[in-house]
Every structure is written in C-alpha cells, then in structure tokens.
Amino acid sequence: MKNIKDYDLEALKQEFIQIGEKPYRAEQVFKWIYVEKVTNFDEMTNLSLELREKLKQMYGMYNFNIIKKQESSDGTKKYLFDVLDENAIETVLMSYHHGYTICVSSQIGCKMGCKFCASTGIQFIRSLTSGEIVEQILAVERDNDIRISNVVFMGIGEPLDNYENVINAIKIINNQKGINIGARHISISTSGLVPKIYQLAEENIQCTLSISLHATTDEKRSSMMPVNNRYNIQELLQACKDYIEKTNRRISFEYALAKDNNDNLEDAKRLVKLLKGMICHVNLIPINKIDNGKYIKSSNENIIKFRDYLNEHGIVATIRRELGSDIDAACGQLRRKNKIENGGSVYGK
Ligand code: SAH
C-alpha cells in the first residue's frame, strides 16, 4: 500500500487529482498529518466518511512503533523504531538550549564502510523512503509532545546515496503548511559523494551541507574512508567550492580527532591550507571509539590545541559537545550491539 507520507504537498495534490478528488482535499490531509499530527484517517473530521474510507483503502499512515527507547543522563534519547517490514532504524533526539535537534537515519545500514564508524560491518538492507524519514520526526514529536526545531541527517546511512528520497523528505519537512522547519535548520552530512554535491548545489534548497572530511592527505583519508578512493580530497573540495559559490551557503566540515592518527599540528596546518578562503566552519569531534575499532579519542589537550591553531589561522572551529555517549547514541555509535554480538542480522527482529 502507498505511504501517504511519501508525498510533498504538490505531489499529494497531483495524486488526489488522479484519484478524482479536489486538490484542496490534499491540503486538508497534509495539515492533519503534519500540523495536527493525527495518526489515522478517522481523525480527519473535515473529510466525508466516504472519502476517509477511500483513503484508508488506498494509503497507509505507516506510524512507527517504538521497539526500544534509551535515555541518557544528559537527556538525549535514542529510539529504535519498527519500520513495519521486519526492519528497524535508529533515531536520536537531543535537547539544546535553543530547542530540540533530531538526528535521523536515511538508510537501513550503510555502504560507505568508514573504518571508525559503528554502522560499518552492518549489512546494508535498503534506503528509507521519504515517508520513513519524515515519520522519524513525527514519531519522536508524538512520544515527547514537543516540536522539533532542527534536523540533521547524521544517523545511519549516507543521505546522498538516497538522494531523491532525502530531497523529497526535506521538501515535506520544510513545507510551511506542514512541519515547517526552515531549510537553514536542516543539515545534510555526507562522506563525500562528489557528483551528488554538484547536484545538490542546483536544488535551490537552503539547507546546510556538512562534509565528513576527517583527514588532510589522500593517503590518510583513504585509510579511514574508502570513498576517498573514488573521490579524492581535491575533487571533494572543488565540489564544495562550487557549492559555496552557487548557494552562498557556508559549509561545515566534520573532523573526528583520533589519537596519533589525524590530530597533530601538521594535520592542523594542512587543514588550514586546504580550507583557506572557503566560507566554512570546522566541527571538531572527539572520535568515539567503537568496539574492535583501532581509533581512540585524542586527548583534551590535543583537541584544544588543534582548535586554537585553526582559529588563530583564520578557520572558525568549534569542538562538538558529546551527547548521549553513555547510551551509544553519539556520532557513529548507532547500531544494535546485541545483534552484532550474536552475529545475526542487525536489523532483523
Ligand atoms: N554518511 C554520512 C552521515 C552519517 S555519519 C556522513 O558520513 O557524513 C554522521 C557523522 O558522524 C559523520 O561526520 C561521520 O564521519 C561521523 N562519525 C561516524 N563515526 C564516528 C565516530 N566513531 N566518532 C566520531 N564521529 C563519527
């Protein structure tokens, strides 16, 4: 059955015309789902009983069920959602002084194989649909009775490897007649799929682009991120320059600091050279050690030195606060530990 949440408002209007209904009915349905946050067609009381029945026959609401919820001592919550086809995904809710940020997954598993990331080694199953991306927001809002103000595509998966559905999900999330989260409050994080970065620059969406850079030489970056063998640092930064020029938007570079790997002053110097002249911001992340992972966190002293060097040389850099690390909800930690240990399917129930 079709998922009613896979449609942005315009597409839903077209769909309604196809099924012989007036487009304004689509707008009513859209508002019930994204403003009133109802979970079934019966609650859409300004539609005739007949139309409600017809919609029920044709479309599903696909509300996620919570399989598991963990709460960190800092208030971060990690959800394991049942996506209704025997698979499960993880979503994280973080609370900051300026509001709630949700970290959404874009795929079930990931193909990128970054050596420091806990999603690596998990079987790739499939990409999420737009409706499944959007439902993560709705389900977390329902569970907490809150409004989310920021969305980051930093959960499991490579968002640009699920390009169409991610862009469509952003249009739905962004729609002023629905959830209405401004594009500037939405970040897409990518390991560096260069052709898709060029494509994104043409979309006319004002969302923030985050690039997982993590190293300053091709040799080092390839050893951490196999994607660098396909698109090297120079090609990646060229695409970033094009993105900045076309969109006038500042890019955010993620740099996870691992002890004796990419955290010395030589790295900081090379980073300054690479990013010189770009409108950007560097997010330094103390790397989270994963089970059997060879990378360990840099010392606080090194992290601060690294940040100060960048700031003193004209590159704005901040250290990302680690939230949810006690519940394995921090960067790169999302996965189902128990299943991995059992050697079974990670997402299968
Ligand atoms: N595939 C996308 C988005 C998911 S990962 C990407 O690669 O950007 C979100 C962010 O967490 C990325 O910057 C990623 O490099 C980082 N990350 C992954 N594992 C990490 C770890 N163990 N410690 C710190 N950051 C990590």
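Reckoned from all heavy atoms, side chains included, excluding hydrogens, waters and symmetry mates. When a ligand or atom number is given, it counts from 1 through the structure's own listing order. Computed from a prediction, not measured in an experiment: that's the story for all the values here.
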Short N or O distance, Gly155 and ligand 1, threshold 3.5 Å exclusive: no

Heavy-atom nearest neighbour in the protein, as seen from atom 21 (C) of ligand 1, with distance rounded to 0.1 Å: Cys331 O, 3.4 Å

Contact check, Met112 vs ligand 1, heavy-atom distance below 4.0 Å: no

Protein contact to atom 23 (N) of ligand 1 [nearest heavy atom, distance to 0.1 Å]: Asn288 N, 2.9 Å

Within-shell test, Ser119 vs ligand 1, heavy atom, strictly < 4.0 Å: no

Residue, atom name and distance, where the atom is the protein heavy atom closest to atom 17 (N) of ligand 1: Phe116 CE1, 3.8 Å

Which of the ligand 1 atoms, numbered from 1, are nearer than 4.0 Å to a heavy atom of Glu254: 13 (O)

Arg221/Asp218 ion pair, N-O < 4.0 Å: no

Atom 19 (N) of ligand 1 [closest protein heavy-atom partner, distance rounded to 0.1 Å]: Gly332 CA, 3.1 Å

Protein contact to atom 5 (S) of ligand 1 [nearest heavy atom, distance to 0.1 Å]: Met154 O, 4.0 Å

Sub-4.0 Å heavy-atom contact, Ala118 with ligand 1: no

Stepwise side-chain contact (heavy atoms from CB on, under 4.5 Å) test for Thr91 and Phe64: CA-CA 12 Å; Thr91 306; Phe64 288 166; over 6 Å; no

Asp143 and Lys77 ion-paired at < 4.0 Å: no

Closest protein heavy atom to atom 15 (O) of ligand 1, given as residue, atom name and distance to 0.1 Å: His214 NE2, 2.5 Å

Electrostatic pair Asp74:Arg321 at N-O distance under 4.0 angstrom: no

Candidate pair Val38 and Met44, rule side-chain contact (heavy atoms from CB on, under 4.5 Å), full reasoning: CA-CA 8 Å; Val38 304; Met44 303 183 182; 4.0 Å; yes

Lys/Arg-Asp/Glu bridge criterion (N-O < 4.0 Å) met for Arg142, Glu135: yes

Atom 2 (C) of ligand 1: nearest protein contact (heavy atom, Å): Ser189 O, 3.3 Å

Heavy atom of the protein closest to atom 12 (C) of ligand 1 (residue, atom name, distance): Ser212 OG, 3.1 Å

Test: Glu132 and Arg126 ion pair at under 4.0 Å: yes

Per-atom contacts of ligand 1 with Cys117, taking only distances under 4.0 Å to non-hydrogen atoms: 18 (C), 19 (N)

Distance filter under 4.0 Å to Thr190 heavy atoms, resulting ligand 1 atoms: 6 (C), 7 (O), 8 (O)

Under-4.0 Å salt bridge between Lys171 and Glu10: no

Under the side-chain hydrogen bond (donor to acceptor under 3.5 Å, both in side chains) test, residues paired with Asn261 that sit two or more places apart: none

Shortest non-hydrogen contact from Gly324 toward Thr76: N-OG1, 3.7 Å

Beyond-backbone contact of Phe16 with Val29, side-chain heavy atoms, under 4.5 angstrom: yes

Tyr295 to ligand 1, any heavy atom closer than 4.0 Å: no

Cation over ring face, Lys111 and Phe124, 6.0 Å, 45°: yes

Ser191: numbered ligand 1 atoms lying under 4.0 Å from its heavy atoms: 6 (C), 7 (O), 8 (O)

Sub-4.0 Å heavy-atom contact, Met225 with ligand 1: no

Set of residues satisfying side-chain hydrogen bond (donor to acceptor under 3.5 Å, both in side chains) with respect to Arg230, sequence neighbours excluded: none

Lys289 contact mode with ligand 1 (heavy-atom cut-off under 4.0 Å): neither

Contact (N/O only, under 3.5 Å) between Gly157 and ligand 1: yes

Residue Phe153 vicinity, atoms of ligand 1 by number, heavy atom under 4.0 Å: 3 (C)

